[in-house]
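Below: one structure, written as structure tokens.
In what follows, chains are A, B, ... by sequence order, proteins preceding strands, each numbered from 1. When reading the values below, keep in mind they use all heavy atoms of this one structure, side chains included, and skip hydrogens, waters and symmetry mates.
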Amino acid sequence: MIDLKYLRDHPEVVRLSLRKRNHSGDEVDAVLTLDEEWRRLFTRQNNLRAEQKKRSEEIATRKRYKEDVTAELAEMKELAQHVRELEVTLKEKEEALQGLLARLPNLLHPSVPEGSDDSANLFLRSWGEIPSLSFTPLPHWELAKRLKLFDLERGSKVAGSGFILYTGWGAKLERALINWMLDFHGRRHGYQEVFPPFVINRETAFGAGKLPDFEGQMYTFTNADLFLNPTAEVPVTALFAGETLKAEELPLSYAAYTACFRREAGAAGKDTRGLLRVHQFDKVELVKFTRPEQSFDELETLVRDAEEIVQALELPYQVVELCGGDIGFGAAKAYDINVWSPGVGKWLEVSSCSNCTDFQARRLNTRFRNPESGKLEFVHTLNGSGVALPRTVAALLENHQQADGSVRLPPALVPYMGVERITSA
RNA sequence: GGAGAGGUGGCUGAGCGGUUGAAAGCGACGGUCUCGAAAACCGUUAAGCCUCAUGCGGGGCUUCAAGGGUUCAAAUCCCUUCCUCUCCGCCA
């Protein structure tokens with residue numbers, strides 16, 4: 001949520017930020033108009049309530065002296081009715097205003113590049129060499145078939161297309177990667193491990209910015225008002241909703257594994273083969289709660305932490321900064337990590353790291369007391385994949401495939417897998 | 001799922017429908033005392049919003065799990081929902 005007061009004082013800044021995101025910016029005027037109406041009504045109601053309270057107290061005193069108050073009670077009845085009516089219209093206005101505000105994306109950091117889609121994302125750096133193989137690299141679904149790593153048909157049979165059944169070494173690799181990533185972030189970068197629920201309620205989904213506009217991307221239940229979690233960012237960011245964190249313990253860093261569920265409605269075809277786009281996937285997510293002045297520095301270390309994962313997996317990657325048109329709803333600034341996939345011949349997004357500034361914290365009401373000012377302030381929240389598994393597995397298989405059809409495992413994974421390579425035997 | 005108990009400020013915990021935004025205690029902060037500290041004593045100690053002044057600040061409204069209702073007036077009465085605890089049932 002954007003700060004309404006800020007929007008009032010700096011409508012131009014908000015408008016420009018919206019335009020950078022391919023919005024018209026007219027939302028700002030709608031908010032301002034509604035806000036003015038609301039304030040007018042609010043002041044009126046405020047004054048009426050003050051009168052009501054004052055006269056109620058008078059009635060209380062007069063009754064104590066056994067005076068007759070029937071005339072007053074009649075008048076007050078009318079006043080109470082008036083207040084009630086005003087309350088209803090005020091509430092309508094307020095809900096409309098909140099509705100508009102809840103749909104405004106976060107303010108972009110001024111450094112975010114201009115651009116309407118991912119083609120305008122800014123290349124920052126790359127790491128590793130694209131392997132030059134003596135043979136034609138196979139795509140991961142082909143390797144998986146030969147090595148019996150996952151079974152797309154049977155996954156479809158039990159749940160539907162886009163739900164993967166991992167088998168044998170494929171299943172073990174999935175488990176190994178999860179354990180290794182959690183250990184890695186815990187030991188090397190000091191993230192505290194949490195294992196959140198895989199379902200989230202409405203408040204949590206709203207707080208993270210997934211509602212009201214992205215409800216369609218989540219799986220819902222017919223017999224409970226819950227959602228299957230689309231990313232661990234949602235439950236972990238909401239951990240301290242309504243709480244006040246201690247300034248001295250910030251920044252707080254958490255690493256969480258969850259399965260992630262996404263409807264990906266309408267997505268089918270060439271970009272969705274194998275593990276490229278699925279309805280359920282595993283992900284280790286990194287979440288930070290920071291003081292406002294730290295958050296952009298923390299974003300840099302967050303990306304580096306995620307990069308170390310793909311480095312240890314020996315996967316060539318590039319880091320790009322997302323442009324205004326490609327950046328997520330809650331993010332003020334974001335980076336993607338894309339690994340090279342020789343079998344598919346594409347860069348695959350395996351991580352997205354965002355600074356959501358106070359956008360989610362305001363929705364969730366997660367604050368800290370600033371020791372300098374003594375005031376309560378919203379924390380900043382950050383999240384980043386560290387990293388998402390399916391495309392990482394795809395890139396791992398494709399980059400480390402050998403001429404003999406086996407797949408070499410990077411040293412980091414060997415202790416977790418118990419073997420140095422995956423073979424069909 | 002059934003039965004019961006309960007949800008009040010940072011915490012513990014009072015609260016006959018009418019100066020109770022809320023006693024008391026603890027904690028925290030400030031002060032007195034002290035060379036310093038402890039103890040003792042004194043004081044301060046919720047948040048959000050609107051508005052005036054915009055330097056401190058002033059005025060008003062809201063908030064006692066959440067939502068609705070009764071009433072001139074609700075922490076207090078009624079209804080619904082959520083959560084916690086105990087017992088039962090079911091279950092890996």
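Backbone-only contact: A:Gln52 has heavy atoms under 4.0 Å from sugar-phosphate atoms and none from a base. Backbone-only contact: A:Arg369 has heavy atoms under 4.0 Å from sugar-phosphate atoms and none from a base. Among the atoms of the strands shown, none is found under 4.0 Å from any heavy atom of A:Arg362. Here A:Leu376 lies in heavy-atom contact (under 4.0 Å) with sugar-phosphate atoms only. Using a 4.0 Å heavy-atom criterion, one finds that A:Arg202 contacts no nucleic acid atom at all. Here A:Lys246 lies out of heavy-atom contact (under 4.0 Å) with every strand. Across all strands, A:Lys5 comes closer than 4.0 Å only to sugar-phosphate atoms, never to a base (heavy-atom distances). Among the protein residues, A:Lys53 comes within range of the sugar-phosphate backbone only, with heavy atoms under 4.0 Å from sugar or phosphate atoms but none that close to a base.
Look at CH2 on A:Trp38: it is 6 Å from C1' on B:rC49, rounded to the nearest Å. At whole-Å resolution of the value, CZ in A:Arg8 and C1' in B:rU51 are 11 Å apart. In this entry the distance linking CD of A:Glu95 with C1' of B:rC49 reads 17 Å, nearest Å. Here B:rC56 presents its P atom at 8 Å from NZ of A:Lys375, a figure rounded to the nearest Å. Taking atom CD of residue A:Gln45 and atom C1' of nucleotide B:rU51, one finds them 15 Å apart after rounding to whole Å. The interatomic distance linking A:Asn47 (CG) with B:rC61 (C1') rounds to 9 Å, in whole Å. When rounded to the nearest whole Å, the span between CD of A:Glu36 and C1' of B:rC50 equals 14 Å. In this structure, A:Glu51 places its CD atom 16 Å from C1' of B:rG59, rounding to the nearest Å.
Residues A:Tyr191 and A:Asp305 bring a donor and an acceptor atom of their side chains to less than 3.5 Å of each other. A:Gln311 and A:Tyr317 share a donor-acceptor pair across their side chains, judged by distance under 3.5 Å alone. Between the side chains of A:Arg421 and A:Ser406, at least one donor-acceptor pair of N or O atoms lies under 3.5 Å.
Relative ring orientation between A:His279 and A:Phe163 is described as tilted, the plane-to-plane angle lying within the 30° to 60° band.
On the P atoms, B:rC16 is 38 Å away from B:rG89, given to the nearest whole Å. B:rA22 and B:rU63: their P atoms are spaced 14 Å apart (whole Å). B:rG7 sits 13 Å from B:rG13 when the C1' atoms are compared, rounded to a whole Å. Across B:rU34 and B:rA28, the matching C1' atoms stand 22 Å from one another, rounded to whole Å. For B:rU70 and B:rC87, the P atoms lie 40 Å apart once the distance is rounded to whole Å. For the C1' atom pair drawn from B:rC91 and B:rA75, the interatomic distance equals 40 Å after rounding to whole Å.
Taking CG of A:Leu177 as the reference point, atom CG of A:Leu396 lies at 6.5 Å (rounded to 0.5 Å).
Which of B:rC72, B:rC50, B:rG48 sits closest to the side chain of A:Ile59 comes down to B:rC72. Distance from the side chain of A:Arg49 is smallest to B:rC61 among B:rG67, B:rG18, B:rC61. With distances taken from any side-chain atom of A:Arg84 to the nucleotides B:rU71, B:rC49, B:rG68, the minimum falls on B:rU71.
Between A:Arg55 and A:Asn46, the residue anchored closer to the 5' end of RNA chain B is A:Asn46, taking for each the nucleotide with the nearest heavy atom.
Checked against the 6.0 Å centroid threshold, A:Phe289 and A:His380 do not count as a close aromatic pair.
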